[in-house]
Each structure stands twice: as C-alpha cells, then as structure tokens.
Amino acid sequence: MTTTHTLKALSKALLLATGCLTASSVFADQKTPEQLYPPLTSEVLPELAAKGSYSVGVQTLDLINPAQFDPATQGEKDRPLKVEVWYPAADSANAPLTSYSDITRTGKAFTLQADAMRDVAINNKEHYPVIVLSHGYTGYRTIMYYLGEHLASHGYIVAAIDHTDSTNADVDFKNAPFSGFFSTLINRSRDQQFVLNYFNEQNNFASKQVDNKSAGIIGYSMGGFGAVNTIGGCYDFNEQTTAMFTGMKDPEQIKHVQQLLNSCAGGQYKNPQVDTRIKAMVAFAPWGGQHNLFNASAMQNIKVPSLYIAGSLDDISGYEGIKNLYNQTGSTDKYLLTYKNARHNIAPHPAPAIAKRSSELDIGHYYEPSWSMRTLNETNKHFVLAMMDCHVKGITSQCEYLDLPQNGDQAVVNGKPLPAWHGFDNRFSTGMDWQQAKPRTK
C-alpha cells in the first residue's frame with residue numbers, strides 16, 4: 001500500500017473515531033447543562049462503580065512545558081497544556097455543582113452537568129496519588145470526566161490533559177486532518193510525564209496533599225499509545241512507518257524524524273528510566289500495536305502493572321494489535337478486558353443531545369452499536385478503580401476484583417449458571433472476556 005493510500009485509509013479511520021471540526025469553532029450559550037448519568041439502581045452496577053466517600057472538587061490549570069520541539073517550525077517552542085484536575089474536596093466545601101463545556105466533531109457546543117464543585121479547597125486529611133488521564137486524537141480533557149470524578153471520590157487526584165495540537169478545537173479535520181498527528185506522536189508521552197512531574201515536583205494547589213511515591217496513568221487510543229511508552233514501551237518506528245504517519249517523502253528527513261520519534265518513557269533516548277512513582281497503567285484501545293510501533297524487547301522489560309481494555313471488533317487500533325501489546329508486556333501483573341462486539345469507542349462519555357441530533361460524524365465519537373455507553377462507563381469505573389486501588393494504593397483486598405475466570409457470560413453447567421464475576425451481580429457480567437498473567441487464586 002502506498003503512503004498516499006495509507007494516509008487516506010488512516011484519514012477515514014480517524015474520521016470515524018476522532019474529532020473533526022474547524023479551529024474557529026466557538027462555544028454557544030448553554031442554559032441548562034445536560035445530565036448524562038441519571039440515577040441508576042446499584043443492583044445492576046458493578047460494586048466499584050459506586051461513588052466514593054469524598055465530595056469532588058475540580059480546577060482548570062494552564063501549564064507551560066518550556067522549550068519543546070515544535071513540528072510546525074522544526075524548532076523549540078513553549079508548549080501550553082490545559083489540564084482539568086479532579087480531587088477530594090474539603091469537608092467544608094459547599095458550592096454549586098459545576099459543568100463542562102466542549103464541542104463535537106463538527107463544532108457544535110454542548111455543556112454537561114458535573115458531579116464536582118469548581119475551585120473549592122482540597123481535602124487536607126490525607127495524601128492522594130496522582131493519576132494522569134490522556135485522551136485520543138482528537139478529543140478533549142473531559143471526554144472521560146466520569147473517570148476523573150469517580151477516582152477523585154475514592155481519594156485520588158486526577159489530571160486530565162488537553163493535548164495541544166490534538167484536541168477537537170485544534171484540528172480542522174475536513175481540510176487538514178493530519179495537522180496535529182506528528183505533534184501527537186512526538187508529544188503524547190512527553191505531555192503525560194510533564195503533568196505527572198508538575199504535580200509531584202512543582203508548587204501547586206495540591207502540593208501538600210500529593211502522595212509523591214505512587215501514581216498511575218490512563219490513556220485512550222493515542223493516549224494509550226503514549227501511556228504504553230511512558231511505562232517503558234519504547235517506540236520503534238522504521239523508515240516506512242515514519243513516512244506513513246508523517247507524510248514525509250525526503251529520505252534524509254525521514255531518517256531524522258525516525259530518530260526523533262523513537263523516544264521512550266516521556267521523551268528519553270539514552271538509557272531511559274521509567275518513573276518509579278508509576279505503579280499502574282490502564283490503556284483503553286491503545287493505538288500502535290497494529291503497526292508494530294513498539295520495541296518488542298522494551299515491551300518485555302515493562303514491570304508496571306498494566307490493564308488493557310479493548311473491543312473485540314476495534315477497527316481503529318485493531319483488536320489483534322491490542323492483544324499483541326498485552327502479550328508483549330512483561331509485567332507479571334497484566335490484564336486484558338475485552339468487550340465482545342465493541343468497536344473503538346469504549347472510553348468516552350455518552351453522546352450529548354446535540355450529537356444525537358446531528359450526523360454520524362458527531363454521534364460516531366460516542367456511539368457503540370452493540371453496547372450501552374452507560375454500561376461501558378460504569379464497567380470502566382469498576383475496573384479502573386480496582387486497578388488503581390490494588391496496585392497504586394496497595395489495597396490487597398481490591399486485587400480480588402482483578403482475579404477472574406476468562407468468560408463472564410455465566411454459562412449453564414449441569415443446569416445451573418456459573419457464578420458472576422467478583423463484584424458483579426448475578427446476570428450482569430455478560431459480554432466480557434478477561435485474561436490475566438497470573439493463574440487464578442480461587
């Protein structure tokens with residue numbers, strides 16, 4: 001396949017799964033924020049989807065990562081990053097719940113009801129690990145806000161990044177769909193590591209409450225591509241894949257960019273060292289495995305506990321590619337959750353009303369043909385919390401939620417259905433498969 005044909009194919013794939021809108025899109029006035037998560041009885045939800053004991057605060061920060069490589073100019077430039085931060089709120093916090101405003105692929109504005117209070121004080125009774133949350137290409141920092149709020153209610157500080165050059169607002173997908181892709185390849189892991197360093201090492205509103213010995217990282221699609229690299233899965237672009245995903249044709253330029261792309265663990269090149277604070281990684285539908293963009297030897301050397309979450313019919317990252325990443329990962333604590341018959345959109349929040357009234361281009365970012373997005377979100381909350389509690393906080397009892405039989409369908413044996421997965425009510429663990437590196441203990 002030629003580079004031109006490959007880029008066209010990638011363009012079609014990104015059109016289905018990523019943001020697509022003009023940089024001049026603006027937010028419209030919104031009166032009443034939409035509520036995407038109306039009350040639902042806990043009897044049909046996995047246990048760890050329940051809200052934690054903390055009220056949740058949220059702040060928006062504007063950070064600067066100085067003197068970063070800029071693909072547009074081929075020189076250095078300060079890199080701005082807008083970050084949404086959820087955290088346990090002080091017991092005395094008493095403010096109205098806030099909202100999140102974003103835009104769809106075609107630039108239609110929407111505002112969603114939050115379950116968090118804006119700019120209230122952080123709870124100062126404990127120390128909380130930082131979890132970095134990273135969207136895909138394209139997306140926005142609140143596309144998985146349900147995870148940010150959920151983890152914060154259970155005692156985590158969650159920092160979700162607007163990856164510059166890679167958001168819905170940055171990319172004019174109709175006219176220049178690849179304008180931010182080179183930047184995404186270069187910066188995704190770097191952004192994640194920078195934000196983690198900021199909260200652990202620089203003065204900020206949460207400085208005194210950060211547990212600076214333990215942290216986690218969560219990435220979706222290109223965010224997963226970055227997260228795997230951040231924990232030691234070094235990139236391994238060759239000349240062909242470098243040309244394919246940058247559109248470059250000059251052989252010398254391709255060689256130079258290939259060397260630039262093949263970084264590791266947040267932008268390191270020689271003897272890369274993974275941040276020892278990172279105790280767990282979750283990758284939703286990580287991109288890159290289908291193109292062999294990770295060094296097999298480096299993948300085998302990964303020690304960070306890792307949870308991969310995928311749809312069995314993923315047509316963007318490729319299910320086989322995701323399984324290959326899982327299989328190559330060397331950690332003794334690794335897991336693969338498969339949503340059977342799901343495609344790529346397994347991580348975003350449900351579609352806002354404006355997307356439902358629009359074309360497939362808008363709703364296609366939030367819609368799964370065989371799954372309820374609410375079900376996916378609630379299940380994601382359950383397994384992500386289990387992962388972070390078990391491996392980041394070291395709560396041994398929470399590890400039981402990660403010790404499961406392969407199939408959750410409760411097949412009938414001798415006239416009786418097998419037990420549901422641990423943490424799921426009877427009849428409600430269907431449609432999923434589970435793999436784990438360690439043999440089951442029960």
Side-chain angles (χ1 to χ4, degrees), residues 51-66 78-98 100 114-134 141-142 144-162 190-219 227 230-231 265-266 273-282 304-305 381 384-385 387-395 398:
K51 183 178 179 180
S53 59
Y54 294 99
S55 297
V56 178
V58 63
Q59 295 192 26
T60 304
L61 304 182
D62 290 293
L63 308 183
I64 298 291
N65 192 4
D78 288 353
R79 180 170 171 80
L81 295 170
K82 190 176 291 291
V83 180
E84 201 80 356
V85 188
W86 295 275
Y87 53 91
D91 292 338
S92 60
N94 184 18
L97 296 179
T98 188
Y100 311 119
D115 190 20
M117 298 174 286
R118 178 71 61 182
D119 298 332
V120 297
I122 191 170
N123 192 300
N124 62 7
K125 293 183 178 180
E126 297 183 38
H127 291 89
Y128 314 105
V130 172
I131 310 296
V132 174
L133 188 58
S134 182
R141 65 189 185 277
T142 57
M144 295 177 283
Y145 75 89
Y146 66 95
L147 280 180
E149 291 180 349
H150 185 61
L151 290 171
S153 78
H154 285 273
Y156 293 89
I157 296 168
V158 183
I161 309 168
D162 256 359
R190 286 175 165 87
D191 289 350
Q192 294 168 359
Q193 189 64 58
F194 167 76
V195 169
L196 180 60
N197 290 346
Y198 170 81
F199 280 96
N200 280 272
E201 301 169 7
Q202 297 189 38
N203 187 44
N204 57 77
F205 80 93
S207 298
K208 294 182 179 179
Q209 307 311 137
V210 170
D211 173 2
N212 56 22
K213 296 182 179 179
S214 299
I217 185 165
I218 304 168
T230 300
I231 64 167
Q273 301 295 315
V274 175
D275 191 329
T276 57
R277 293 172 297 208
I278 302 175
K279 308 299 184 185
M281 185 275 295
V282 177
V304 175
K381 286 159 62 175
V384 169
L385 181 60
M387 190 71 183
M388 297 303 164
D389 277 357
C390 173
H391 295 291
V392 176
K393 288 189 175 181
I395 305 173
Q398 298 295 80

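Position 1 is the first residue of the sequence; numbering continues from there.
For Asp211, there are no salt bridge (Lys or Arg N to Asp or Glu O under 4.0 Å) partners at least two apart in sequence or on another chain. Listed by chain and number, the residues in a salt bridge (Lys or Arg N to Asp or Glu O under 4.0 Å) with Arg79 are Asp165, Asp191 (sequence neighbours excluded).
Distance alone, capped at 3.5 Å, places no donor-acceptor pair between the Asn212 side chain and the Asn200 backbone. For the pair His154 (side chain) and Gly52 (backbone), a donor-acceptor distance under 3.5 Å is present. Put simply, the side chain of Tyr156 never gets that close to the backbone of Trp86: no donor and acceptor are under 3.5 Å apart. With hydrogens and angles disregarded, no donor-acceptor distance shorter than 3.5 Å links the side chain of Ser55 to the backbone of Ala90. In this structure, the side chain of His150 does not engage the main chain of Tyr145 through any donor-acceptor pair within 3.5 Å. Between the side chain of Ser134 and the backbone N or O of Gly219, no donor-acceptor pair lies under 3.5 Å. Between the Glu126 side chain and the Gln209 main chain, no donor and acceptor come within less than 3.5 Å of each other. Of the possible donor and acceptor atoms, none in the side chain of Glu149 sits under 3.5 Å from a partner among the backbone N and O of Val56.
Put simply, the side chain of Tyr100 does not reach to within 4.5 Å of the side chain of Arg141, judged on heavy atoms. Residues Asp275 and Gln192 form no side-chain contact, since every pair of their non-hydrogen atoms from C-beta on lies 4.5 Å or further apart. Between Ile131 and Ile218, some side-chain heavy-atom pair lies under the 4.5 Å cut-off.
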Side chain to side chain contact (heavy atoms under 4.5 Å, CB included) between Leu147 and Lys381, worked out: CA-CA 6 Å; Leu147 280 180; Lys381 286 159 62 175; 4.1 Å; yes
Distance-only check: which donor-acceptor pairs under 3.5 Å involve side-chain atoms of residues 116-124, not counting sequence neighbours?
unit_1: Arg118; atom_1: NE; unit_2: Thr98; atom_2: OG1; d: 3.4
unit_1: Arg118; atom_1: NH1; unit_2: Thr60; atom_2: OG1; d: 2.9
unit_1: Arg118; atom_1: NH1; unit_2: Glu84; atom_2: OE2; d: 3.1
unit_1: Arg118; atom_1: NH2; unit_2: Glu84; atom_2: OE2; d: 3.2
unit_1: Arg118; atom_1: NH2; unit_2: Ser99; atom_2: O; d: 3.4
unit_1: Asn123; atom_1: OD1; unit_2: Lys125; atom_2: N; d: 3.0
unit_1: Asn123; atom_1: OD1; unit_2: Tyr128; atom_2: OH; d: 3.3
unit_1: Asn123; atom_1: ND2; unit_2: Ala89; atom_2: O; d: 3.3
unit_1: Asn123; atom_1: ND2; unit_2: Asp91; atom_2: OD1; d: 3.2

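Residue Ala159 comes nearest to Val195 through the heavy atom pair CB-CG1, 3.7 Å, listed as atom of the first residue, atom of the second, then distance. For Val392 against Ala280, the heavy-atom pair with the smallest separation is CG2-CB, 3.7 Å. For the pair Gln193 and Thr230, the tightest heavy-atom approach, listed with the atom from each and the gap, is OE1-CG2, 3.7 Å. Residues Gly266 and Arg190 approach most closely at O-CG, 3.7 Å, considering heavy atoms. Closest approach of Gly155 to Lys393, counting heavy atoms only: O-NZ, 3.2 Å.
The only option from Val158, Ile157, Asn204 that meets the side chain to side chain contact (heavy atoms under 4.5 Å, CB included) definition with Val85 turns out to be Ile157.
Remark: Asp62 CG is packed, more than 12 non-hydrogen atoms of other residues, nucleotides or ligands lying under 6.0 Å away. For NZ of Lys51, the number of neighbouring non-hydrogen atoms (other residues, nucleotides, ligands) closer than 6.0 Å is greater than 12.
Interatomic distance, Ile161 CD1 to Leu61 CG, rounded to the nearest 0.5 Å: 11.5 Å. Asn203 contributes atom CG, which lies 8.5 Å from atom NZ of Lys208 (distance to the nearest 0.5 angstrom). Interatomic distance, Ile64 CD1 to Asp78 CG, rounded to the nearest 0.5 Å: 6.0 Å.
Ring geometry for Phe205 versus Phe199: interplanar angle over 60°, hence perpendicular rather than tilted (30 to 60°).
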